[in-house]
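Throughout, numbering of the chain's residues begins at 1 and tracks the sequence.
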Amino acid sequence: MNKKMLFLPILLAPLLTGCGGTTNGVTIRIINSEDYIYLYTDNPNEDTETPEEEKMDLIDQFKIAMEEKYPEFGKINVIYTTTDTNESMYNEIQTGKAIYDLMCPSDYMIQKLITNDYLEKLDKDLIPHYFGEEAEVCQTLKDTLGNITATNIKSDPQTVERLEDYAVGYMWGTLGLLYNPDFNAFSEQAKEDIHDDVMMWDILWDYKYKGTSTIKNSMRDTYSVGIIETYKDELLAKRHDTDFNEYLTSIMNKCDKETVNKVKNTLDLLKNTFFGLECDSGKEDIVSGKIGINTAWSGDACFSMENAEEKDITLYYSVPDVGSNIWFDAWVVPKRLSGQAPRTEQESILVHEFLDFLCQPYVAKQNMAYTGYTSFVVGEEVRDLMRDWYDARTDYIYATEDDETYFDVYYVDENLEKVYLDYPDFELSEHLFRYDDCPLYYDTEEEEQISFCDPYLEDDVELTYGNILISYLLDDIHEGQISEVDLEYAFGGDPYNYLFYSSYYLQFEGNDCTGLEFYCQYPNIETVSRCAVMSYDHKNNENIVRMWEEFRSQPLPTWALILFIVLGTGIIGSAILVLISKKLRLRLRNKRKHENI
């Protein structure tokens with residue numbers, strides 16, 4: 001979900017209003033969210049782990065690739081900027097103050113842009129890594145995004161348009177509840193009950209948790225929570241029906257005046273129990289101990305969990321059983337408005353090349369590792385990244401000399417000789433010897449012929465995630481410390497591709513709503529099926545806008561204002577923590593990857 005973003009220096013403004021090309025090459029202009037694309041932040045001379053081709057920002061990687069592919073274009077220029085919200089992005093296009101060739105808004109904003117005739121249709125043939133037969137993209141997500149509809153009320157109000165003709169999916173996620181069960185302001189009863197209570201949105205209205213939760217300062221997200229709470233009895237009555245998702249979708253997209261008034265009354269009651277509204281600070285506030293419950297986007301929840309680990313705090317993420325919102329961010333191509341220079345053929349080629357570039361698995365892996373969000377792309381590189389981070393079998397594969405048993409890893413070269421890999425070479429998912437392409441084998445340091453998969457076999461066997469004997473994990477599985485995670489909807493293929501074994505997934509028996517980081521990034525199909533897309537309704541959207549303005553303008557209770565002032569004063573000196581770097585995030589993940597279960 002697009003979050004708080006930042007403008008580049010105003011000096012770029014003159015460049016953004018010019019015509020499409022330059023006298024020294026071809027220029028395209030991109031607008032996106034802050035921290036929403038891979039940026040290289042390390043010292044390349046000291047960095048020994050990152051592959052050489054990734055020791056530069058993704059935009060620079062693209063420019064180099066295009067200059068090699070299209071030498072006749074001359075120098076490739078990419079002007080990349082960011083803005084603060086979906087609405088600000090829309091205003092940039094609507095006013096025509098700046099020219100953009102690509103933008104990355106959320107699903108509802110794409111509908112709004114189509115409705116008002118601000119987008120061009122894509123040439124799908126030029127984006128084979130998304131639309132082609134060999135594309136490695138999650139079909140479930142691609143279909144869900146693509147089947148969202150909109151009507152162009154300006155040029156063709158009789159035709160229903162589908163987003164699949166306009167958008168290339170980028171990132172996706174859910175809206176849920178991030179919480180700290182050991183929050184010091186919780187009563188003992190609250191600490192005892194919270195794992196059960198977070199299975200429903202009711203917890204935000206529960207006086208047991210008064211003054212400990214924040215909700216999103218986002219009209220759509222908070223409206224979705226409010227309408228689900230308003231119609232919770234009806235939703236619970238149909239929770240296990242086969243058409244539940246269809247029913248939930250219809251409820252979440254009700255925005256007539258009567259419904260909006262009901263939701264406003266529900267949200268007004270929330271002011272008696274919640275701490276306040278936030279858009280981007282909640283992910284830090286829950287780590288610093290300011291709040292105990294945060295209504296969070298799944299990517300932000302991952303960010304908070306990883307930073308909490310540094311303080312020995314365990315946070316959990318729940319997608320309430322009664323339903324939630326699933327969101328999509330996607331790349332689109334704005335139209336050139338009247339008075340703006342038309343897009344040239346070369347610019348159009350580069351625009352589509354950039355979209356195709358983003359959909360290549362090795363690029364998606366970089367973006368996921370940097371942003372913490374989940375890509376539409378599900379190729380081998382993405383799958384291996386998730387195994388590096390979350391799969392319990394990885395702890396056995398990445399055995400170190402400090403372990404009781406140390407295994408050497410080798411492959412067989414063209415001369416049928418064993419070639420051993422150093423630990424750092426094998427550790428990286430980017431190593432040249434892929435599991436599928438070049439078999440890897442284990443033997444022991446003492447040259448004993450002990451199979452990694454079965455210690456009773458006499459010969460070494462090929463090393464893959466698919467043939468590692470699960471008996472290594474059976475005790476932990478039976479004790480509930482390890483979960484078998486079925487992500488067939490995402491990765492497809494045979495079980496080798498989509499079965500993971502992780503301690504970072506669902507955490508409580510009988511509760512399929514609550515988990516850790518892996519669950520945030522890839523919820524199971526049961527969770528996805530109880531989440532719905534909230535669409536843009538140009539006829540009734542104004543009803544929600546007015547309600548939201550009224551809700552935010554009404555004062556908070558006196559107790560909330562006092563609490564906010566007291567806590568706010570106490571944390572002013574530590575406000576710099578909001579700027580936690582991506583380097584820390586990556587370091588935390590690398591640290592976790594090396595830790596045994």
Ring-face cation of Lys210 near Phe274 (centre distance under 6.0 Å, axis angle within 45°): no
Six-ring centre of Phe376, Lys142 cation under 6.0 angstrom, axis tolerance 45°: no
Please find the pair of heavy atoms, one from [X] and one from [Y], that lie closest to each other, and give the distance.
X      : Y      : answer
Ala167 : Leu122 : N-CD1, 3.7 Å
His352 : Ser348 : ND1-O, 2.9 Å
Ala364 : Ser375 : CB-OG, 3.6 Å
Cys302 : Gln521 : SG-CG, 3.4 Å
Tyr108 : Tyr536 : O-CB, 3.5 Å
Asn543 : Cys255 : ND2-O, 3.1 Å

Hey, what do you get for [atom1] ([X]) to [atom2] ([Y]), rounding to the nearest 0.5 Å?
X      : Y      : atom1 : atom2 : result
Lys257 : Glu542 : NZ    : CD    : 10.5 Å
Ile286 : Asp300 : CD1   : CG    : 11.5 Å
Leu113 : Ile93  : CG    : CD1   : 7.0 Å
Leu141 : Ile326 : CG    : CD1   : 6.0 Å
Asn77  : Lys63  : CG    : NZ    : 6.5 Å
Asn180 : Met305 : CG    : CE    : 11.0 Å

Pairs meeting criterion salt bridge (charged side-chain N to carboxylate O under 4.0 Å, His left out) with involvement of residues 521-535, two or more places apart: none
With sequence neighbours excluded, tell me which residues meet side chain to side chain contact (heavy atoms under 4.5 Å, CB included) with [X].
X      : result
Thr230 : Lys262, Val263, Thr266
Lys154 : Asn116, Asp117, Tyr118, Asn152
Thr222 : Ile215, Lys216, Leu267, Trp548
Asn253 : Thr249, Met534, Ser535

Tyr373/Trp327 aromatic ring centres below 6.0 Å: yes
For Phe62, the option from Tyr38, Phe357, Tyr80 that meets ring pair (Phe, Tyr, Trp, His ring centres under 6.0 Å): Phe357
Taking the side chain as every heavy atom from C-beta outward, state whether [X] and [Y] have any pair of such atoms under 4.5 Å apart.
X      : Y      : answer
Trp201 : Thr295 : yes
Glu234 : Tyr247 : yes
Leu355 : Tyr130 : no

Result of checking Thr527, Thr174, Thr514 against Tyr519 for side-chain hydrogen bond (donor to acceptor under 3.5 Å, both in side chains): Thr527
Worked check of side-chain contact (heavy atoms from CB on, under 4.5 Å) between Val545 and Met219: CA-CA 7 Å; Val545 172; Met219 178 180 73; 3.8 Å; yes
Set of residues satisfying ring pair (Phe, Tyr, Trp, His ring centres under 6.0 Å) with respect to Tyr231, sequence neighbours excluded: none
Any residue meeting ring pair (Phe, Tyr, Trp, His ring centres under 6.0 Å) with Tyr40, in chain and number order, not counting sequence neighbours: none
List the residues meeting side-chain hydrogen bond (donor to acceptor under 3.5 Å, both in side chains) with [X], not counting sequence neighbours, and say none if there are none.
X      : answer
Asp356 : His129
Glu120 : Arg343
Thr159 : Asp156
Glu353 : Lys69, Tyr70

Pair Asp221-Ser224, side chain to side chain donor-acceptor pair (under 3.5 Å): steps then yes or no: CA-CA 5 Å; Asp221 293 298; Ser224 68; 5.0 Å; no
Qualifying ring-ring contact (aromatic ring centres under 6.0 Å, His included) pairs, either residue in residues 329-350, two or more places apart: Tyr170-Trp331, Trp331-Phe354
Heavy atoms from other residues, nucleotides or ligands near CD of Glu246 exceed 12 (cutoff 6.0 Å): no
Expected output: side-chain Tyr317 to main-chain Gly176 donor-acceptor under 3.5 Å: yes
N/O donor-acceptor pair under 3.5 Å between Arg29 side chain and Asp101 backbone: no
Residues Ser529 and Asn245: side-chain donor-acceptor under 3.5 angstrom: no
Residues Lys232, Glu229: salt bridge by 4.0 Å N-O rule: yes
